[in-house]
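Comments concern the structure below.
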2 protein chains.
Amino acid sequence: MQMSEGVEWALHSCLNLAWAEEGTAVKATQLAAFYELPTAYLNKQLQALVRAGILTSATGPRGGFRLARDPRDIALLDVVTAIEGAQEAFRCQEILKKGPGGRATVDYRKACIVSQAMRRAEIAWRRELAAQTLADLKVQVESKQPRTPEMTRQRIANL
Amino acid sequence: MQMSEGVEWALHSCLNLAWAEEGTAVKATQLAAFYELPTAYLNKQLQALVRAGILTSATGPRGGFRLARDPRDIALLDVVTAIEGAQEAFRCQEILKKGPGGRATVDYRKACIVSQAMRRAEIAWRRELAAQTLADLKVQVESKQPRTPEMTRQRIANL
DNA sequence: GTCATACTACTCGGATAAGAACTGTCCGAGTGGGGTAGG
DNA sequence: CCTACCCCACTCGGACAGTTCTTATCCGAGTAGTATGAC
């Protein structure tokens with residue numbers, strides 16, 4: 001069980017977009033250059049964020065990506081879900097249906113104790129991710145590295 | 001990000017072992033027959049549980065698997081970790097090292113705010129799994145389906 | 001000088017391969033029990 | 001009848017393919033800006 005590394009890329013890219021000049025679109029090439037990432041593949045991840053309504057995109061000259069809404073309204077869970085999909089990590093195959101006393105009509109995704117226990121853990125995970133927004137991370141970084149917004153904008157301008 | 005289905009198999013198999021006659025080893029064939037699972041592949045998962053110290057195994061006639069310790073001392077996290085590995089789902093690649101102002105000597109798995117946020121969520125997940133033991137699940141199932149222990153032992157005897 | 005038009009460079013978007021991980025399968029190593037022969 | 005030995009069936013254990021998902025890449029569709037020419 002390992003998360004796609006695209007999640008890390010997406011989160012950092014969203015943060016950089018949050019620091020970008022307002023009203024300016026940032027190209028995939030620029031976002032990739034930040035951390036020397038493969039441009040085309042990062043572009044794929046950004047497309048997923050667009051489909052999820054987290055980013056907006058524009059083609060042609062002066063095109064690129066920008067945040068679709070205020071960073072306070074973008075939870076980390078939104079970004080993770082956009083990349084990884086909404087399905088749960090633990091996928092109950094309802095093997096109890098084949099077991100002794102198993103009924104084909106019962107929904108074991110709800111009835112199975114094992115499934116319930118695993119779901120409870122995953123809900124706790126999602127709750128933590130839903131509780132934190134891009135704006136929260138932005139504030140935390142800026143309190144540690146006050147020059148980050150300035151440096152980010154400079155880097156975007158010089159690419 | 002999807003968990004191996006072996007986790008579901010392992011959890012249910014451990015529960016069945018907890019219900020088995022004490023002092024009796026259960027063969028992989030029997031555990032597989034419970035839910036019509038592929039024997040050889042389930043065997044592979046059981047071996048992982050043995051390596052993790054959750055089960056003990058014996059070869060030869062009258063051989064098979066049994067729980068290595070009391071179900072109260074086996075947390076769900078132990079089983080999940082045995083199958084999935086101990087590494088975290090979110091793997092911080094420390095891409096900040098390549099970024100503006102990035103220092104190669106800094107351990108960004110600890111310093112990076114994004115990494116911290118993701119780790120916090122994963123710790124919440126692990127905490128939930130560590131808080132529940134096989135014995136807890138056993139009790140919950142028995143209160144809903146009191147005949148489960150009896151039926152399990154019968155099924156083992158008839159295979 | 002102004003406006004419309006065609007062109008060109010640019011950027012995203014989806015379709016297309018390479019690689020890794022998960023899933024599934026097989027045969028050999030080692031063990032324990034039962035049968036057999038000798039005392 | 002008891003005991004020691006040998007043989008055999010049995011079970012796990014690790015090595016070996018098939019399939020799905022992740023990672024990586026490329027080229028085409030569409031757009032905005034610019035230059036050009038006519039009015």
Side-chain angles (χ1 to χ4, degrees), chain A residues 1-10 13 17 20 23-33 35-66 68 80 82-85 87-91 93 95 156 159, chain B residues 1-10 13 17 20 23-33 35-52 54-66 68 80 82-85 87 89-91 93 95 156 159:
Chain A
M1 179 187 58
Q2 56 188 4
M3 200 171 289
S4 165
E5 60 183 339
V7 172
E8 186 181 12
W9 302 0
S13 294
L17 284 172
T24 308
V26 184
K27 291 173 287 187
T29 310
Q30 295 172 312
L31 289 170
Y35 310 112
E36 301 177 14
L37 303 176
T39 303
Y41 189 34
L42 175 63
N43 191 14
K44 197 179 181 61
Q45 316 288 1
L46 295 173
Q47 285 174 35
L49 295 176
V50 171
R51 276 193 297 271
I54 296 171
L55 303 184
T56 59
S57 62
T59 62
R62 311 275 302 165
F65 298 90
R66 65 188 73 184
V80 172
I83 304 293
E84 288 293 323
Q87 61 188 346
E88 301 182 1
F90 179 81
R91 38 186 173 159
Q93 305 282 66
I95 62 177
I156 291 175
L159 284 174
Chain B
M1 179 187 58
Q2 57 187 3
M3 200 171 289
S4 165
E5 60 182 340
V7 172
E8 186 181 12
W9 302 0
S13 294
L17 284 172
T24 309
V26 184
K27 292 175 285 187
T29 311
Q30 294 172 312
L31 290 170
Y35 310 113
E36 301 177 16
L37 303 175
T39 304
Y41 189 33
L42 175 63
N43 191 13
K44 199 179 181 61
Q45 315 289 359
L46 295 174
Q47 285 174 33
L49 294 176
V50 171
R51 276 193 297 271
I54 296 170
L55 303 184
T56 59
S57 62
T59 62
R62 311 275 301 167
F65 298 90
R66 65 188 73 186
V80 173
I83 304 293
E84 289 293 322
Q87 61 187 345
F90 178 82
R91 37 185 175 160
Q93 304 282 69
I95 63 176
I156 291 175
L159 286 173

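Proteins get letters first, then strands, A, B, ... in listed order; numbering begins at 1 in each.
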Nearest heavy atoms of B:Leu31 and B:Ser13, plus distance in Å: CD2-O, 4.1 Å
Establish, with yes or no, whether the OP1 or OP2 oxygen of [N] is under 4.0 angstrom from a side-chain nitrogen or oxygen of [X].
X: B:Ser57; N: D:dT11; answer: no
X: A:Arg62; N: D:dT34; answer: no
X: A:Gln47; N: C:dG14; answer: yes

Answer with base, sugar-phosphate or nothing: what part of the nucleic acid does [X] contact at a heavy-atom distance below 4.0 Å?
X: B:Gly64; value: sugar-phosphate
X: A:Arg91; value: sugar-phosphate
X: A:Met3; value: nothing
X: B:Pro61; value: base

Whichever of B:Leu46 and B:Met1 has its nearest DNA chain D nucleotide further upstream toward 5':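 This one resolves to B:Leu46.
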Residue whose nearest DNA chain D nucleotide is more 5′ - A:Thr59 or B:Ala28: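 First, find each residue's nearest nucleotide; the 5'-ward one identifies B:Ala28.
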First of B:Thr39 and A:Asn43 reached from the 5' end of DNA chain C, by closest nucleotide: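 Counting from the 5' end, the first nearest nucleotide belongs to A:Asn43.
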Flag side-chain contact, heavy atom, 4.5 Å: A:Met1 against B:Met1: yes
Nearest listed nucleotide, side chain of B:Ser4, among C:dT23, D:dC21, C:dT25: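 Closest nucleotide among those given: C:dT23.
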Between NZ on residue A:Lys44 and CG on residue A:Leu49, distance to nearest 0.5 Å: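 One gets 13.0 Å once the value is rounded to the nearest 0.5 Å.
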